[in-house]
There are 4 protein chains.
Amino acid sequence: MSPAAPDRRSQRLGHILACAARVFREKGYDGASVRDISRASGVSLSSLYYYCESKQKLLYLIAVGSFRTILERLESRLRGLEHPVEKLRMLVFNHLEYFLLHPDEMKVLVREEEALRGRYRKEVAEVKRQYFARTVQIFEELAHLTPLRETDARVAVLALFGMMNWTCTWYRPGRDPGPQELADRFVAIFLQGVLRDPAAAGLQPELEEVGAGDR
Amino acid sequence: MSPAAPDRRSQRLGHILACAARVFREKGYDGASVRDISRASGVSLSSLYYYCESKQKLLYLIAVGSFRTILERLESRLRGLEHPVEKLRMLVFNHLEYFLLHPDEMKVLVREEEALRGRYRKEVAEVKRQYFARTVQIFEELAHLTPLRETDARVAVLALFGMMNWTCTWYRPGRDPGPQELADRFVAIFLQGVLRDPAAAGLQPELEEVGAGDR
Amino acid sequence: MSPAAPDRRSQRLGHILACAARVFREKGYDGASVRDISRASGVSLSSLYYYCESKQKLLYLIAVGSFRTILERLESRLRGLEHPVEKLRMLVFNHLEYFLLHPDEMKVLVREEEALRGRYRKEVAEVKRQYFARTVQIFEELAHLTPLRETDARVAVLALFGMMNWTCTWYRPGRDPGPQELADRFVAIFLQGVLRDPAAAGLQPELEEVGAGDR
Amino acid sequence: MSPAAPDRRSQRLGHILACAARVFREKGYDGASVRDISRASGVSLSSLYYYCESKQKLLYLIAVGSFRTILERLESRLRGLEHPVEKLRMLVFNHLEYFLLHPDEMKVLVREEEALRGRYRKEVAEVKRQYFARTVQIFEELAHLTPLRETDARVAVLALFGMMNWTCTWYRPGRDPGPQELADRFVAIFLQGVLRDPAAAGLQPELEEVGAGDR
DNA sequence: TATGAATGAGTGTTCATTCAT
DNA sequence: TATGAATGAACACTCATTCAT
């Protein structure tokens with residue numbers, strides 16, 4: 001009725017979702033009870049249901065909200081960038097920045113993929129698919145620009161996602177590098193590997209490699 | 001008395017653990033009930049407790065057993081290898097082979113790190129720590145042999161583990177490459193990156209990099 | 001909001017506690033199941049837990065409530081009494097009256113001393129200790145007033161408690177005397193014994209005893 | 001077959017019963033599991049059932065055995081005693097001596113009266129009844145000899161049993177008097193009360209009491 | 001908008017007991 | 001004489017959710 005009403009409502013829901021994310025991170029989706037979330041948020045059990053109809057939907061809203069935010073920021077930041085390498089760098093930075101700023105949501109996104117059921121699951125999977133597809137697209141722009149060692153985009157991109165997503169199991173703020181530096185390191189490994197001089201390490205030189213591509 | 005007696009028992013426990021791993025993979029540790037495991041294994045609820053005293057211990061035995069197996073096979077396979085690159089390749093192959101052959105255990109190992117409590121948790125963490133330390137050791141042998149782009153062993157090794165462990169979320173046998181090929185690809189990315197010609201992609205040439213290594 | 005609300009809750013809890021006391025008396029604490037109490041009270045199992053968080057706490061509330069009531073009534077009834085003999089009589093009456101009016105709680109108090117654990121146990125033990133100390137105090141007032149045969153207050157008071165508490169194993173309303181008469185009899189035995197003429201029964205005469213008191 | 005066989009058997013059963021008594025004392029009948037008894041006795045669960053067919057029977061054997069022993073010793077010790085006061089003293093000593101020497105059995109006897117069911121319950125109740133009747137008989141011999149203040153034998157004897165049985169809740173060897181002294185004190189209280197000079201305490205003199213008996 | 005009260009189904013675990021060997 | 005293996009029933013307790021107010 002009053003124009004402030006819907007804001008109040010979504011603010012309160014936002015608070016609940018943030019607390020739910022924390023609880024889900026601490027105990028896992030199945031290990032967390034709605035009562036835990038009620039306690040953590042200071043919202044009574046029944047009020048909680050007034051704002052969100054089920055535990056599943058809490059997880060759904062957290063997941064979908066996070067992925068949408070990541071995707072939107074990515075598209076906005078990608079605007080104006082031309083070189084696929086720069087785009088890739090931006091994607092990794094965008095991903096890690098969100099993860100390191102929202103460690104609760106990050107862990108939930110990464111771990112609770114299969115906790116969602118039915119319609120919720122499909123919708124989240126669809127947003128994820130879009131995000132993955134966007135990454136593959138950038139990878140293939142790169143492939144068109146310069147020859148790649150790894151030509152299976154699926155495997156390559158999933159390796160990159162592995163590096164990024166696994167951070168949620170080990171990253172410790174303060175000890176580990178910030179999002180920009182971490183992104184640079186991951187991109188460097190992904191594009192050029194850890195060796196400065198592969199030949200010196202006994203690996204085939206670049207040119208032979210290219211030649212070997214003939215077989 | 002009969003020589004088969006102890007075998008019977010451990011065989012039966014082995015069967016239960018295999019079923020438990022499958023159920024844990026399907027539903028997650030917290031989402032799975034001991035009754036689910038009882039049903040899946042065909043062992044009555046109370047008999048199940050005759051073989052294993054708690055749900056926690058089921059998870060513990062799965063985790064510790066898997067890590068021990070991986071570590072033992074690794075050490076045995078490492079014997080005779082000299083070059084750090086070969087050692088690394090073997091480590092990645094050993095890891096992926098176990099994971100692809102035991103997808104249930106793999107997923108449990110990767111996801112349920114924090115489901116264990118108390119003594120069980122500590123013991124599993126210790127075996128993991130050993131495994132991680134072994135990998136860092138190989139990485140540093142490599143660093144002594146040839147200059148590396150990434151000098152932070154922790155970040156580099158965790159990036160590699162990210163690639164490997166993330167497979168449990170996407171790997172589909174039949175569609176995706178087998179353990180040997182996948183290992184080769186991951187090692188190639190890790191050591192040399194996906195680019196065949198970094199300079200052509202606008203990245204700094206090798207030699208300057210090498211020069212930078214003088215500081 | 002409505003003034004009746006908190007009353008409703010405590011009334012319902014009171015009903016549950018009364019039923020729990022009956023069930024505990026009939027089956028013992030360990031022999032009784034929470035389902036038995038649920039059935040006996042007509043309160044569903046989960047509602048029961050809504051009112052009281054654990055079986056232990058049910059017992060605790062019964063025990064602490066009873067002891068507090070007994071103690072409060074005792075102090076109120078003791079006010080105005082001067083002579084230790086009258087005080088003792090009142091204590092025994094107060095004790096037996098409560099027991100005979102609340103036979104379920106009585107039996108639980110007497111039998112389930114050790115069923116409680118941790119904090120609950122300590123708190124109940126503390127109230128009991130106070131009650132015992134109060135009785136010893138009255139006994140010692142008596143000892144100051146007139147020479148006693150039994151000078152070990154601990155043993156004497158415990159003998160008296162034995163008489164009183166043991167009633168819970170044999171008392172049958174209707175057949176046995178009411179609280180006032182029973183109290184009189186116990187006090188008479190405790191103070192003067194069952195013999196009217198100890199000398200005639202071959203026991204040492206009072207006067208020699210009194211003389212013996214000189215040593 | 002061999003003559004020693006039955007002895008072995010009953011020795012082993014005796015060991016089991018002693019351990020069972022200890023476990024029942026520590027945890028209560030319902031709180032104790034047959035596994036607890038198996039562990040405490042070092043006898044495997046199935047062997048335990050070979051020696052005694054049920055948990056109920058364990059309790060039954062403990063109870064019946066104890067009561068029989070107490071009764072037999074009592075009769076043997078009573079032989080030769082003439083004066084009812086001496087008989088009473090012997091009964092109380094006999095009772096306390098057994099209790100203090102067998103604290104486990106004592107506590108079980110006192111607390112687990114109602115844990116037994118059916119035939120077992122009846123049989124134990126019968127032995128108890130005999131024991132009670134024997135005490136009443138002695139009490140009435142005393143009543144014939146000398147006038148008593150308390151003429152209701154039931155209440156008087158139950159008061160005495162209360163003193164004796166309640167010891168199981170407070171007696172601490174070392175701190176509290178041994179069986180003979182404790183028996184003397186209890187008998188003194190029971191026969192003559194704690195007061196040396198009831199008149200001085202404001203209680204009616206003996207003779208008036210006797211006179212009052214006329215009404 | 002908010003919440004106290006309520007519940008049926010389910011949780012991990014233990015029980016006394018039996019049976020094949 | 002002895003015991004490993006097995007089980008159905010029960011245990012105390014928690015769950016996500018609903019509903020009347």
Side-chain angles (χ1 to χ4, degrees), chain A residues 1-2 5-6 8-9 12 29-38 42-58, chain B residues 1-2 4-6 8-9 12-13 29-38 42-59, chain C residues 1-2 4-6 8-9 12-13 29-38 42-58, chain D residues 1-2 5 8-9 12 29-38 42-58:
Chain A
M1 226 159 253
S2 92
R8 266 267 181 74
R9 185 175 175 90
R12 209 128 152 68
Y29 177 80
D30 281 308
S33 78
V34 179
R35 268 172 175 81
D36 290 331
I37 298 166
S38 158
V43 174
S44 84
L45 193 55
S46 337
S47 291
L48 206 153
Y49 273 90
Y50 176 73
Y51 285 100
C52 187
E53 71 205 61
S54 73
K55 192 186 173 187
Q56 281 269 308
K57 186 154 194 183
L58 285 174
Chain B
M1 214 155 262
S2 99
R8 267 272 178 71
R9 186 175 174 91
R12 207 131 154 65
L13 177 57
Y29 178 78
D30 281 310
S33 80
V34 180
R35 275 167 181 85
D36 290 332
I37 298 167
S38 159
V43 174
S44 84
L45 191 56
S46 17
S47 290
L48 203 154
Y49 274 91
Y50 179 69
Y51 285 98
C52 188
E53 70 207 60
S54 72
K55 191 186 173 189
Q56 281 268 308
K57 187 156 194 181
L58 284 174
L59 179 54
Chain C
M1 216 154 260
S2 99
R8 268 270 178 72
R9 185 173 175 94
R12 207 127 154 69
L13 177 58
Y29 177 79
D30 280 311
S33 80
V34 180
R35 271 168 179 85
D36 290 332
I37 298 167
S38 159
V43 174
S44 84
L45 189 58
S46 18
S47 290
L48 205 154
Y49 274 93
Y50 178 69
Y51 285 99
C52 188
E53 69 207 62
S54 72
K55 190 185 174 189
Q56 281 268 306
K57 186 156 194 181
L58 284 175
Chain D
M1 222 159 254
S2 92
R8 266 271 180 73
R9 182 172 177 93
R12 210 127 152 66
Y29 177 79
D30 281 309
S33 78
V34 181
R35 268 171 175 82
D36 289 332
I37 298 166
S38 158
V43 175
S44 84
L45 193 55
S46 339
S47 291
L48 205 154
Y49 273 91
Y50 177 73
Y51 285 100
C52 187
E53 72 207 59
S54 72
K55 191 185 173 188
Q56 281 268 309
K57 186 154 195 181
L58 285 174

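For the numbers below, each heavy atom of this structure counts, side chains included, while hydrogens, waters and symmetry mates do not. By convention in this document, chain letters (A, B, ...) are assigned in the order of the sequence lines, proteins followed by strands, and residues within each chain are numbered from 1.
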Colleague: Could you check how far CG of D/Asp30 sits from C1' of E/dC15, rounded to whole Å?
Modeller: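 Taking CG of D/Asp30 and C1' of E/dC15, I get 11 Å after rounding.
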Colleague: Closest-nucleotide mapping onto DNA chain F: is B/Gly42 or C/Gln56 further toward the 5' terminus? I mean the 5' end.
Modeller: B/Gly42
Colleague: Can you tell me if B/Ser44 touches the phosphate of F/dT7, counting only side-chain N or O atoms and a distance under 4.0 Å to OP1 or OP2?
Modeller: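 Result: yes.
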Colleague: Is it the case that the side chain of B/Tyr29 and the backbone of A/Asp30 share a donor-acceptor pair, with hydrogens and angles ignored and the cut-off at 3.5 Å?
Modeller: no
Colleague: Consider the side chain of D/Arg35, meaning its heavy atoms from C-beta on, and name the nucleotide among E/dT18, E/dA16, E/dA6 that approaches it most closely.
Modeller: E/dA16
Colleague: Tell me: CG of D/Asp36 to P of E/dC15, nearest whole Å?
Modeller: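 About 6 Å, once rounded to whole Å.
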Colleague: Are C/Tyr49 and C/Val34 packed together at the side-chain level, in the sense that at least one heavy-atom pair is separated by less than 4.5 angstrom?
Modeller: yes
Colleague: Where does DNA chain E form stems of at least three consecutive Watson-Crick or G-U wobble pairs, each pair having both distances below 3.5 Å?
Modeller: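 Counting only runs of 3 or more consecutive pairs, the stems involving DNA chain E are E:2-21 with F:2-21.
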Colleague: Are any side-chain N or O atoms of B/Ser47 and backbone N or O atoms of B/Tyr50, one a donor and one an acceptor, separated by less than 3.5 Å?
Modeller: no
Colleague: What are the residues of residues 48-55 of chain A, sorted by number, that bring a heavy atom to within less than 4.0 Å of DNA chain E?
Modeller: A/Tyr50, A/Tyr51
Colleague: At under 4.0 Å between heavy atoms, what does D/Ser33 touch on the DNA or RNA strands: base, sugar-phosphate, or nothing?
Modeller: sugar-phosphate
Colleague: Think C/Arg8 has a side-chain N or O under 4.0 angstrom from the OP1 or OP2 of E/dG4?
Modeller: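 Negative; the distance criterion is not met.
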Colleague: Output yes when at least one side-chain N/O atom of D/Ser47 is less than 4.0 Å from OP1 or OP2 of F/dT3, else no.
Modeller: yes
